[in-house]
Structures are given as C-alpha cells and as structure tokens.
S.K.: 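Can you read through this structure? Questions will come right after.
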Amino acid sequence: MGKPEINVGLLGWGTVGTGVSKILINQKHQIYQNTGLNLNLLKVAKRTLPAQRTGVDLANNCLTTDVNTIVDNPDIDIVVELIGGIANSRELISRAIRNGKSIVTANKALIAECGADLYQLAQKQGVSLNFEASTAGGIPIIKTLRESFAGNKVESIYGIVNGTCNYILTEMQKNGRNFSEALKMAQERGYAEADPTLDIDGTDAAQKLTILVALAHHIKVPLNQVHTEGITKITQNDIQYAQELGYTVKLLAITKSRGTKIDVRVHPTLIPNDSMLANVSDAFNAVCVVGNAVGPTLFYGQGAGEMPTASAVVADIIDAARSINGNSHVPIPPAWASKPHSDFSIGLIDDIETRYYLKLVVQDCPGVLAQIGTILGNQDISISSVIQKEPHCKNSVSLIILTHKACEANMCQARIEIDNLEVVQEKLTLIRIEEFDF
Ligand SMILES: NC(=O)c1ccc[n+]([C@@H]2O[C@H](COP(=O)([O-])OP(=O)(O)OC[C@H]3O[C@@H](n4cnc5c(N)ncnc54)[C@H](OP(=O)(O)O)[C@@H]3O)[C@@H](O)[C@H]2O)c1
C-alpha cells in the first residue's frame with residue numbers, strides 16, 4: 001500500500017517551474033486518473049517575492065524564498081530542481097538526497113558534469129534521480145534509451161538537440177538570412193539566451209550528447225573529450241551550395257560505435273535533403289537512435305519551452321512517485337556506477353572516416369584545381385564532385401569540392417597544406433557529410 005499523497009517541492013519557479021506547477025495543479029485529476037497517484041505541490045522556492053503567474057494559483061504559504069524549507073522539509077518526498085547552474089544546484093540536490101528525497105532535475109549542465117557522483121549518492125540513499133528534461137526537452141528520449149532500448153545494442157545516435165542552432169540554420173536556409181540576423185531573430189523569439197555562446201559554440205549539444213552516450217554506450221565521457229564545433233562559421237554561401245548539391249546543414253550530435261571505439265562528436269553536418277532529419281525545422285529537436293535489433297528509430301518534438309519541458313519533468317515526478325510507492329528504482333546507469341564498465345573506449349576524431357564538403361576561395365588562374373587535387377590525392381582523398389562558382393570579386397572564385405569517404409587525419413593534413421597554398425585566399429571551410437544508410 002503506497003502513500004496516499006506524495007508531496008513535491010519545486011526549487012525554481014521560472015519558465016520550466018511555472019509549467020510544472022501548472023500541470024501539477026491544473027491537471028492533478030488527470031494525473032490521478034492516469035496513474036492513481038495523488039501528487040501535492042507543497043512548496044515552491046524562488047529568489048524574489050512577491051510573484052504571480054498567469055494560469056496557475058499556488059496554495060497559500062506555498063511560495064517561499066527559503067530553499068531549506070524544501071530541501072530539509074520532512075514532509076516533502078520529491079525535490080524538483082529547476083534553478084539551473086552547477087554549484088548551488090549540486091549542493092541542494094546532494095543535501096536533499098541525504099535527507100532521503102527523490103530528485104527530478106532538468107539541468108543538463110549539472111548531469112553532464114556531476115551525474116555519476118549524484119547517482120552514486122542517490123543509490124547509497126535508496127532514492128531515485130530522474131533527468132528526462134535535461135536532454136531534448138519534451139522528447140522522452142532518456143526513458144526510451146533506458147527502458148525501450150534495453151534489449152538492443154545502440155549502434156549510433158544522430159541528434160538535433162539544440163533548438164537555437166536548428167532555428168538559426170533553418171532561417172538561413174529557408175529565408176536567406178545571414179548568421180547574425182538569424183541569431184538576432186532567435187533571441188527576439190526567446191529561443192536563444194541573451195548570451196547564446198553555449199548554444200552556438202556547440203557546448204549545450206555536447207553536454208546533452210555526454211548524457212545520451214552514458215545511457216547508450218555505458219561510458220562516461222568528459223565534456224572536453226567530445227569533439228565540438230559550433231555553427232558560427234557557417235555562411236549563407238555554405239547553406240546555398242549545400243542545397244545545390246542536395247544537402248542540408250544541421251548541427252548534429254553524433255555517437256557511433258566502431259568495434260570497441262565510439263565516436264562522440266558535435267559539428268555542423270551536411271545531410272541529404274530527403275532524410276528525415278533534414279526536415280526537422282525551426283526550434284524543433286529530433287533524435288535518431290539506431291539499435292541492432294530495432295533498426296533506425298526517430299523521436300521528434302519540442303526540445304525546450306515551458307510546457308514541453310514541464311511535460312518531461314512531470315513524467316519524471318510520476319516515475320519517482322511510483323518508485324516511492326513501489327520501492328523500486330530504475331537501476332543506476334552503468335556509466336555512472338562507482339566501478340563503471342563499458343565495452344567501449346572513446347575513439348579519436350582523427351580516426352573517423354567520412355565524406356567532406358570543402359569550400360575554397362582561390363585565385364582565378366590556371367592550374368589551381370590541379371594543385372588542390374594533388375594535395376588531396378597524396379592524402380588518399382578522392383574527389384566525388386567539384387563546382388566552380390562565378391568570381392565573387394575580381395580574380396577570385398569559390399570552389400566547392402565533395403569528397404568520397406576519407407580519413408579525418410589525412411583530411412587535417414590536406415587542410416594545412418591547402419591553406420598554405422599561395423593561390424588560396426581564405427581558409428578552407430570543411431563540413432563533414434553523413435549519408436544515412438536507412
Ligand atoms: N527553459 C527551457 O526551455 C529549458 C529546457 C530544458 C531544460 N531547462 C533547464 O531547466 C532549468 C530551469 O530553466 P528555466 O528556463 O526554467 O530557468 P529560469 O526561467 O531562469 O528560472 C530559474 C528559477 O530559479 C530561481 N532561482 C535561481 N536561483 C535561485 C536560488 N539561489 N534560490 C532559489 N531560487 C532560485 C529563479 O528565481 P527568480 O524567479 O526569483 O529569479 C527562477 O524562478 C535549467 O537547468 C535549464 O537548463 C530549461
């Protein structure tokens with residue numbers, strides 16, 4: 001017989017916290033009908049008061065500025081951390097775990113950095129730690145990987161997991177905007193933060209990828225071992241040339257197994273226009289997981305925003321409440337166990353083999369292509385197509401080269417040699433290509 005009522009405390013009543021309070025209060029009956037659980041939002045903490053939110057009324061005395069009345073409150077069963085940041089959240093969550101509370105968080109930065117430590121502490125205390133909303137917002141990819149893929153070996157994951165970058169790239173492609181215009185629009189629409197660095201430099205996607213890899217490949221990957229490139233160098237020309245060649249540029253978070261190695265990388269990628277991921281537009285997210293038994297699967301939805309993210313948080317609260325009542329917890333992900341075991345180690349980016357899009361701005365004179373072709377040939381890189389664009393200023397032309405599959409280390413060497421050619425006027429732009437075989 002479970003507890004008749006499970007008490008929940010929210011740390012943070014910002015965008016996501018507000019959405020969570022709306023669902024817990026306004027859809028209390030729906031949750032009861034669906035699960036038999038009686039969830040009671042007992043306390044909500046924020047930094048400053050007074051505060052009101054349209055669309056939800058909290059009970060009297062529910063709001064507080066004192067986080068201790070949640071973390072140390074013996075009546076609270078589940079603490080939901082929606083503050084963000086690392087140091088303070090980590091301290092609050094650790095204390096709540098020691099106080100025997102189950103934890104739900106949407107904090108990818110925290111889970112990417114401290115997931116293992118927090119999990120081990122939660123396991124020691126016999127409480128659960130759920131983090132569905134930390135990766136791809138409203139898309140239930142964490143639970144899917146942990147439960148629905150338990151009978152599969154995950155072969156690869158390709159994720160569009162940063163809505164800001166996807167919105168910017170979509171605007172550049174569909175409406176011909178340049179990068180700065182598209183970024184400004186993303187900020188005006190609330191998709192990008194005032195300081196968008198962590199989105200556009202790929203860090204946010206890399207943090208989410210480390211979480212996916214921990215679950216899919218049972219290996220803890222430090223953030224600095226994820227090969228990470230953002231989208232700041234992508235130009236309108238790159239987007240157009242890629243389109244002409246039948247490709248769309250997306251920021252992909254990729255993990256693939258190669259024997260006992262796994263690739264873990266985030267970078268702009270050319271993908272075929274007719275692939276499903278190429279048609280994931282605006283701020284939407286999508287995660288394609290390829291399992292050895294199930295084959296390719298695709299999960300699509302809103303990766304951020306008040307209600308989609310709150311939906312994932314509430315699903316975690318329900319899981320935590322079920323654990324409290326049934327006294328069973330989803331086991332610790334092996335990557336985060338105190339003695340982790342994985343069949344994989346992290347592969348070097350230099351060892352990957354992929355196709356490449358190369359854009360060069362060169363002098364418009366005879367013999368240039370031969371010089372470039374020789375460098376590529378010496379590195380075992382064969383060209384699959386070349387396009388020369390009309391001179392965009394006197395004496396200079398753009399060359400767009402697509403290669404067949406080649407080794408990254410060879411491409412790096414070729415890049416150095418090409419950039420050193422006298423006829424080359426701008427540093428080479430290189431974007432990797434993924435051709436999906438599904
Ligand atoms: N927004 C999204 O779409 C989204 C999507 C996925 C994951 N997430 C994650 O969800 C978490 C919350 O994001 P958010 O967008 O909801 O943030 P937010 O709108 O900035 O809200 C943060 C809330 O935390 C409160 N807070 C901050 N420091 C506090 C402290 N020391 N003590 C008590 N309260 C404190 C703030 O109080 P005041 O209101 O008084 O300032 C505010 O209510 C983050 O980890 C974020 O990465 C967000």
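Just so we're clear, the structure is a prediction, and the values are computed from it rather than from any experiment. Each ligand, and each atom within it, is numbered from 1 in the order the structure gives.
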S.K.: Should the pair D77-K101 be classified as a salt bridge under the 4.0 Å nitrogen-to-oxygen rule?
M.R.: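 A salt bridge is absent here (no side-chain N lies under 4.0 Å from a carboxylate O).
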S.K.: Is E171 salt-bridged to R177, cutoff N-O under 4.0 Å?
M.R.: yes
S.K.: Which ligand 1 atoms does K108 reach within 4.0 Å, using its non-hydrogen atoms?
M.R.: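 Here the atoms of ligand 1 in question are 47 (O).
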S.K.: Report the member of I83, V80, L63, V16 with the shortest heavy-atom distance to atom 27 (C) of ligand 1.
M.R.: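 Selected option, by shortest heavy-atom distance: I83.
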S.K.: Report yes if some N/O of K46 lies less than 3.5 Å from some N/O of ligand 1; otherwise report no.
M.R.: yes
S.K.: Mind telling me whether Y119 and F131 have parallel, tilted or perpendicular rings, with 30° and 60° as the class edges?
M.R.: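 Ring orientation, 0 to 90° scale: perpendicular.
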S.K.: Less than 3.5 Å between some nitrogen or oxygen of G14 and one of ligand 1, yes or no?
M.R.: yes
S.K.: Is the distance between the ring centroids of F284 and Y300 under 6.0 Å?
M.R.: yes
S.K.: Would you mind checking if D72 and R95 are paired as a salt bridge, meaning a charged N to carboxylate O distance below 4.0 Å?
M.R.: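 Yes, charged N to carboxylate O under 4.0 Å.
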S.K.: What residue and heavy atom of the protein are closest to atom 19 (O) of ligand 1, and at what distance?
M.R.: T15 N, 2.9 Å
S.K.: Closer than 4.0 Å to some heavy atom of L82 - which atoms of ligand 1 meet that?
M.R.: 12 (C), 22 (C), 23 (C), 24 (O)
S.K.: Considering the heavy atoms of G305, write down every atom of ligand 1 situated less than 4.0 Å from one of them.
M.R.: 2 (C), 3 (O)
S.K.: In sequence, state the C-alpha distance, the side-chain angles, and the governing distance for Y158 and F436, and then conclude on ring-ring contact (aromatic ring centres under 6.0 Å, His included).
M.R.: CA-CA 10 Å; Y158 306 89; F436 305 113; 4.9 Å; yes
S.K.: Charged N to carboxylate O under 4.0 angstrom, D343 versus K153?
M.R.: no
S.K.: With backbone taken as N, CA, C and O and side chain as the heavy atoms from C-beta onward, which portion of L11 lies under 4.0 Å from ligand 1: side chain, backbone, both, or neither?
M.R.: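 For L11, there is no contact with ligand 1 at all, from either part.
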S.K.: Before signing off on this row, confirm whether E81 and ligand 1 have an N or O atom pair separated by under 3.5 Å.
M.R.: no
S.K.: Would you mind running through ligand 1 and noting each atom that sits below 4.0 Å from a heavy atom of A133?
M.R.: 6 (C), 7 (C)
S.K.: Looking at V67, which atoms of ligand 1 are within less than 4.0 Å of one of its heavy atoms?
M.R.: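 It comes down to these atoms of ligand 1: 32 (N), 33 (C).
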S.K.: Look at atom 31 (N) of ligand 1 and say which protein heavy atom is nearest, naming residue and atom and giving the distance to 0.1 Å.
M.R.: N88 ND2, 3.2 Å
S.K.: Could you list which atoms of ligand 1 come closer than 4.0 Å to a heavy atom of G84?
M.R.: 44 (C), 45 (O)
S.K.: Where is the nearest protein heavy atom to atom 5 (C) of ligand 1: which residue, which atom, and how far?
M.R.: T309 OG1, 3.4 Å
S.K.: Is any side-chain N of the basic residue among E306 and K22 closer than 4.0 Å to the acidic one's carboxylate O?
M.R.: yes
S.K.: Could you tell me whether K43 and D75 make a salt bridge, using a distance below 4.0 angstrom between a side-chain N and a carboxylate O?
M.R.: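 D75 and K43: not salt-bridged.
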S.K.: Suppose we measure from atom 30 (C) of ligand 1 to each protein heavy atom; which comes out shortest, and what is that distance?
M.R.: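 Checking every protein heavy atom, the shortest distance to atom 30 (C) of ligand 1 gives R47 CG, 3.7 Å.
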S.K.: I'd like to know if E434 pairs up with K256 as an ion pair, taking the criterion as any Lys NZ or Arg NE/NH1/NH2 lying under 4.0 Å from an Asp or Glu carboxylate oxygen.
M.R.: yes
S.K.: Taking only heavy atoms of G12 into account, list the atoms of ligand 1 that are under 4.0 Å away from them.
M.R.: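 Those qualifying, in numeric order: 23 (C), 24 (O), 25 (C), 43 (O).
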S.K.: Does M307 CE have over 12 foreign heavy atoms under 6.0 Å away?
M.R.: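 Atom CE in M307 is packed in, count exceeds 12.
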S.K.: Distance to 0.1 Å, residue and atom name: give those for the protein heavy atom nearest to atom 8 (N) of ligand 1.
M.R.: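 For atom 8 (N) of ligand 1, the nearest protein heavy atom comes out as A106 O, 3.9 Å.
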S.K.: Look up atom 43 (O) of ligand 1 and tell me if a protein heavy atom lies less than 4.0 Å from it?
M.R.: yes
S.K.: Taking 4.0 angstrom as the limit, do R432 and E408 come out as a salt bridge?
M.R.: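 Yes.
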S.K.: Kindly indicate whether atom 17 (O) of ligand 1 is approached by any protein heavy atom to under 4.0 angstrom.
M.R.: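 Given the 4.0 Å cut-off, atom 17 (O) of ligand 1 does not count as touching protein heavy atoms.
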S.K.: What atoms of ligand 1 come closer than 4.0 angstrom to any heavy atom of A304?
M.R.: 3 (O)
